[in-house]
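Chain letters run A, B, ... following the sequence lines, proteins first and then strands; every chain starts at 1. Here the structure is a predicted model, which means the values were calculated and not measured.
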Amino acid sequence: MAEFLSLHDAVARYVEDGATVAMEGFTHLIPFAAGHEVIRQGKRDLTLIRMTPDLVYDQMIGAGCVKKVIFSWGGNPGVGSLHRLRDAVEKGWPNKIEILEHSHAAMACAFEAGAAGLPLAVLRGYVGSELPNVNDQIKFIECPFTGERLAAVPSVRPDVSIVHAQKADRAGNVLVEGIVGVQKEAILAARKSIVTVEEIVEDLTEEPGYHPNACIIPGWAIDAIAVAEKGSLPSYAHGYYPRDNAFYKEWDGIARDREAFTKWIEENVMNAGEKA
Amino acid sequence: MAEFLSLHDAVARYVEDGATVAMEGFTHLIPFAAGHEVIRQGKRDLTLIRMTPDLVYDQMIGAGCVKKVIFSWGGNPGVGSLHRLRDAVEKGWPNKIEILEHSHAAMACAFEAGAAGLPLAVLRGYVGSELPNVNDQIKFIECPFTGERLAAVPSVRPDVSIVHAQKADRAGNVLVEGIVGVQKEAILAARKSIVTVEEIVEDLTEEPGYHPNACIIPGWAIDAIAVAEKGSLPSYAHGYYPRDNAFYKEWDGIARDREAFTKWIEENVMNAGEKA
Amino acid sequence: MSLEYTSAEMMTVTAARALQNGMACFVGIGLPSEAANLARLTHAPQVTLIYESGTLQTKPDVLPLSIGDGELCESALTTVSVPEMFRYWLQGGKVDVGFLGTAQIDRYCNLNTTLIGDYQSPKVRLPGGGGAPEIATNAGEVFITLKHSPRAFVKDVDFITTLGFGRDGKGRDNVPNIGRGPTRVITDLCVMKPDPDDHELTVVSLHPGVTREQVQEATGWEIRFAADLETTPEPSERELEVLRELKARTARAHAGK
Amino acid sequence: MSLEYTSAEMMTVTAARALQNGMACFVGIGLPSEAANLARLTHAPQVTLIYESGTLQTKPDVLPLSIGDGELCESALTTVSVPEMFRYWLQGGKVDVGFLGTAQIDRYCNLNTTLIGDYQSPKVRLPGGGGAPEIATNAGEVFITLKHSPRAFVKDVDFITTLGFGRDGKGRDNVPNIGRGPTRVITDLCVMKPDPDDHELTVVSLHPGVTREQVQEATGWEIRFAADLETTPEPSERELEVLRELKARTARAHAGK
């Protein structure tokens, strides 16, 4: 049953050094506040899973929290490279990181399979791609009915998943809307889960715009809920605030330079503290 | 791209004798009007797929349209048996039918896999059940990552799927809401699809209560749309009319008796004609 | 303390009491649904009821006739697709207890809802598996409730639709990633539990006024009784009142139209 | 008829024209997205644009910077989860054409967005596969658009992230249930198509004013030209106007805040 905690306490309780962590949100609702809290608490040796590492993992990698990243598209969307990711992969700063890369389709299916409690996902994928040559977690199976060769990947089962959402209600039920990505799958696939939200309301089913088939994750499937207003900036929250596209462009300059990056983290993360 | 047809024309064009047909709707939105049209047009040798055959298949079986049923729960919900199904299976009236039975989980996964374009569904299913002894379409595979033994069933890929929904708009996009069952999967898994609807509106996205994540099936994924007001009675349409539970009870008496059944079909289907 | 109640009411109340507040329960239609909603309306207001139609955390005001009555969706927190229900919620391990009925049950708690007789030429064709085969293996544990009769309680079921503990009581041994299986069976006569060692059903509690002989007569094999056989507590006045109101509301609602 | 336009505009307009009205197009971010939206705003108002973020049938007023900008969801018919997008819509066979960009492409249309150099110690680490590997095999056909340069057009890609026709041009032979693969490549210099027999890229049309030599200089292998080499039609005034307005709106929107 979801417990209401401060972001500090939720991260302190559930994110352990060495853990496998999925912080999801496909462009939308990226849990930046939680990522910053992980950096502030100096977590180390994390294995991070995310389809698109985005700036949030670039920051965590640069801050030295990470030993491995599992991903399927590692760029700054529409801008260019993730310079901290590249610096770690190419030059080992601040530490060498391992990478394991998939395609989006495979990772989406792996999250789906994780939520479905399965050990593997099966897809018509990686046909002719050389990714299976560099990722030993991609195997092929034969369909027992048709003989077709299909790709198989292990399901994603993180120790802890963290997502950001629009609202929770007093009973701990969480609403996600707009681009829902793999947030629900990330929560359901994980052993422990933290949801940061823009706000707490009385009862989601009494909210204006409530829809019987809206993407609502019941409180009993979540471990901790923490309020983090504007918790996904510079990403965005549908219905709350837009994506800060200008910052995504600005990040390119900050992240290119180790010193500029370190200064930015110091000023905007370490000394900023938890707002909510 | 969805074409607007009369129910008569849609069934005449897309439901061929001998076809494999899925008419879905889990308790809710069962496409009775379409089933009656199939009976009126005297279709024969159909292989019918449905998780819960319900009254709609009981009627089609009794009317002699069917040679095989693939299902996972064949009762009159909350009432008892499907007497026409039983009479056909046990006594071959009006003709002997073959059955192939699954569990709900397996059929739901098989619809999902069909929508996903896969030849098989994999699930943690049928553990210790004797259903695999009587259904040669249930096989077991070994997970290449964990060695776990998992069930595999062929995906559902009907020649034609028929579902009932609340609304379509002028562009042929269809809204399903409430208990959504496997309707979307049935449509997407089929080679051809017919959707009957309560009403046509101008633009679904302009409707009151429109939600960005509502279950909307775009018009380009549908072949034919036909208006059939009250098209799911005695089942129901969330937001339009309730389930006629009294008729479900009444059906037990009608269907027990071949003559009473024949008379009912004559009066309520053959001589009733298409209303919409 | 001499309340009047029927054996059916005794069964429902006892079944309801098996559910604890806060549990997530995957509910079968019929007796399990009646018991689960009684639990929700009495001692377990925070019980989470899930029906295979996709309705999560539903709070129906009247009992549904079918597994997918509109009432279930209208009173649910949210309604998901049926594939999602079976994949994410059941197989995904989010269900504490599956609450099932059955047509036949045997001494190892195997359930038969497929047919009586032989598969190719059945004496009676039953509805089939529905959700039960995977509810019984993917839920954390399973409660079963049904009326006691020698037709229902047979030594060996004609067909194992749904695994209890298999033909030899060992059907769950060494199977990874499945639940504990049946932990209690509630009838109109008694409460039974599988023996912790060999998994054979054992009567642990007789309902008030019921004798061992009555249970034995209604059971198709030589039934075991626990050494510390108890008497099931009687229904309370409030439980009976809530149950009767629920059933009256339900009858009115379904007769309507 | 002597309109002023840049080679980038020529590329986008030509890429846009490849899309036919009524097609369902899975759109990559950047150049493909620009071309697909230009098509929608000009000759193909009924084109269905799908982005991997789950937005189905979207009609953005400004170009998204990312694949999941709010604009895409707000103007979509509906937005589904990312697993559903890849499973039901792409793998399920509902996409007529996948529209991709790339960092490297070779003579058999294989795409590399993974890295330059060796996998273990890359010279340049690129973003990776994203949606492309399965878009290229599960869409009915694939259009590719990118700027022409010898760095981009190499004889053999350093890494096949995404299948064109494989290292030998035969990578799709006898593979069941996949799409036709790349059918055209649109650059700022020309339009290329794979040879129907051996699948090697062949220039079928030069943009106005572009010479064979320019194309050859910008290509890292000896490029073939079709016998019936054509000249690509120029952009129309309306296409240029719509494109420029779209880009101006986009620049204003993204500079904001």
Side-chain angles (χ1 to χ4, degrees), chain B residues 26-28 51-52 54 71-82 85-86 89-90 99 101-109 111-112 115 123-131 133-134 146 148-149 177-185 215 235-236 238 242-249, chain C residues 29-30 52-55 64-74 79-87 90-91 110 113-114 119-138 159-166 171-172 175-178 253-257:
Chain B
F26 198 87
T27 312
H28 180 214
M51 294 183 67
T52 60
D54 204 85
F71 71 103
S72 41
W73 193 84
N76 179 344
V79 178
S81 290
L82 292 176
L85 171 65
R86 281 185 58 180
V89 171
E90 295 169 16
I99 58 170
E101 61 184 308
H102 278 288
S103 66
H104 275 352
M107 279 198 81
C109 290
F111 270 105
E112 202 272 348
L123 69 152
R124 185 174 292 112
Y126 292 120
V127 176
S129 170
E130 291 174 355
L131 283 165
N133 302 351
V134 297
T146 62
E148 184 179 352
R149 183 173 181 264
E177 60 188 357
I179 290 176
V180 294
V182 295
Q183 276 102 310
K184 182 172 184 169
E185 287 75 14
C215 179
S235 166
Y236 70 106
H238 182 101
R243 190 170 190 266
D244 187 352
N245 280 332
F247 182 80
Y248 271 84
K249 291 179 182 169
Chain C
I29 205 66
E52 65 195 17
S53 51
T55 49
L65 182 67
S66 80
I67 201 82
D69 276 20
E71 178 77 8
L72 292 173
C73 175
E74 277 154 27
T79 297
V80 301
S81 76
V82 168
E84 176 176 328
M85 177 53 78
F86 280 98
R87 289 174 72 78
L90 180 61
Q91 186 176 272
N110 301 301
T113 53
T114 302
Y119 193 81
Q120 290 314 324
S121 46
K123 205 149 56 173
V124 183
R125 177 64 230 194
L126 301 167
E134 283 76 20
I135 294 172
T137 49
N138 289 328
F159 187 91
I160 300 185
T161 313
T162 297
L163 179 68
F165 297 95
R172 288 176 187 262
V175 180
N177 304 321
I178 61 168
H254 294 179
K257 149 113 214 150

Need one label for B/Phe71: side chain, backbone, both or neither, based on atoms under 4.5 Å from any heavy atom in chain C.
side chain
Could you grab the distance from atom OG1 of C/Thr79 to atom CD1 of B/Ile179, nearest 0.5 Å is fine?
6.0 Å
Considering only heavy atoms and a distance below 4.5 Å, find which of B/Val127, B/Thr146, B/Val180, B/Asn133 pairs most often with chain C.
B/Val127
Option in C/Ile29, C/Thr161, C/Thr137 with maximal non-hydrogen atom pairs under 4.5 Å from chain B
C/Thr161
Separation of C/Leu126 CG from B/Trp73 CH2 (nearest 0.5 Å)
10.5 Å
Options B/Gly125, B/Gly178, B/Ser103, ranked by heavy-atom pairs under 4.5 Å with chain C, top entry:
B/Ser103
Quick check on the interface: out of B/Gly128, B/Cys215, B/Ser235, B/Ala105, who has the most heavy-atom pairs with chain C under 4.5 Å?
B/Ala105
C/Asn138 portion near chain B, given a 4.5 angstrom heavy-atom threshold:
side chain
So how far is it from C/Asp69 CG to B/His28 NE2, rounded to the nearest 0.5 Å?
11.0 Å
Check C/Asn177 against B/Arg124 and note the closest heavy-atom contact, atom names and distance.
O-CD, 3.2 Å
Kindly indicate whether the side chain of C/Pro83, heavy atoms from C-beta on, has any atom under 4.5 Å from the side chain of B/Glu185.
yes
Which atom of B/Leu131 lies closest to which atom of C/Pro133, heavy atoms considered:
CD1-CG, 4.3 Å
Quick check for you: among C/Gly171, C/Gly164, C/Gly130, C/Gly54, which has the greatest number of heavy-atom pairs under 4.5 Å with chain B?
C/Gly130
C/Arg125 versus chain B, heavy atoms under 4.5 Å apart: side chain, backbone, both or neither?
both
Contact origin within B/Lys249 toward chain C - heavy atom pairs under 4.5 Å
side chain
We want to know whether C/Glu52 and B/His104 form a side-chain donor-acceptor pair, criterion being a heavy-atom distance below 3.5 angstrom.
yes
Side chain, backbone, both or neither: which part of C/Val124 has a heavy atom under 4.5 Å from chain B?
both
Show your working on side chain to side chain contact (heavy atoms under 4.5 Å, CB included) between B/Thr27 and C/Ile67 and close with a plain yes or no.
CA-CA 7 Å; B/Thr27 312; C/Ile67 201 82; 3.8 Å; yes
Greatest number of heavy atom pairs closer than 4.5 Å to chain C - which of B/Gly80, B/Pro77, B/Gly181
B/Gly181
Ranked by heavy-atom pairs below 4.5 Å to chain B, first place among C/Glu84, C/Glu134, C/Arg87 goes to C/Glu134
Considering only heavy atoms, which portion of B/Leu123 lies under 4.5 Å from any heavy atom of chain C: side chain, backbone, both, or neither?
both
Taking every heavy-atom pair that is under 4.5 Å apart, which of B/Ala106, B/Gly74, B/Cys109 has the most such pairs with chain C?
B/Gly74
If you measure from CG on B/Asn245 to OG on C/Ser66, what distance do you get to the nearest 0.5 Å?
6.5 Å
When C/Gly166, C/Cys73, C/Gly30 are compared by non-hydrogen pairs under 4.5 Å with chain B, the top option
C/Cys73
Whatever's closer than 4.5 Å to a heavy atom in chain B on C/Thr55 counts as side chain
Using non-hydrogen atoms and a 4.5 Å limit, figure out which bit of B/Met107 sits close to chain C: side chain, backbone, both or neither.
neither
Side chain, backbone, both or neither: which part of B/Arg86 has a non-hydrogen atom closer than 4.5 Å to chain C?
side chain
Most contacts with chain C, counted as non-hydrogen pairs under 4.5 angstrom, among B/Val134, B/Thr52, B/Val182:
B/Val134
Rounded at 0.5 Å granularity, tell me how far CG in C/Leu65 sits from CG in B/Asp244.
10.5 Å
Examine whether an atom of C/Tyr119 lies under 4.5 Å from a heavy atom of chain B, and if so say whether it belongs to the side chain, the backbone or both; otherwise answer neither.
side chain
The test is side chain to side chain contact (heavy atoms under 4.5 Å, CB included); show your working for C/Glu71 and B/Arg243 and say whether it passes.
CA-CA 10 Å; C/Glu71 178 77 8; B/Arg243 190 170 190 266; over 6 Å; no
Atom OG1 of C/Thr114 and atom CD of B/Glu101: how far apart are they, to the nearest 0.5 Å?
5.0 Å
Can you say whether B/Tyr236 sits under 4.5 Å from chain C via the side chain, the backbone, both, or neither, judging by heavy atoms?
side chain
For C/Asn110, which atoms come within 4.5 Å of any heavy atom of chain B: side chain, backbone, both, or neither?
neither
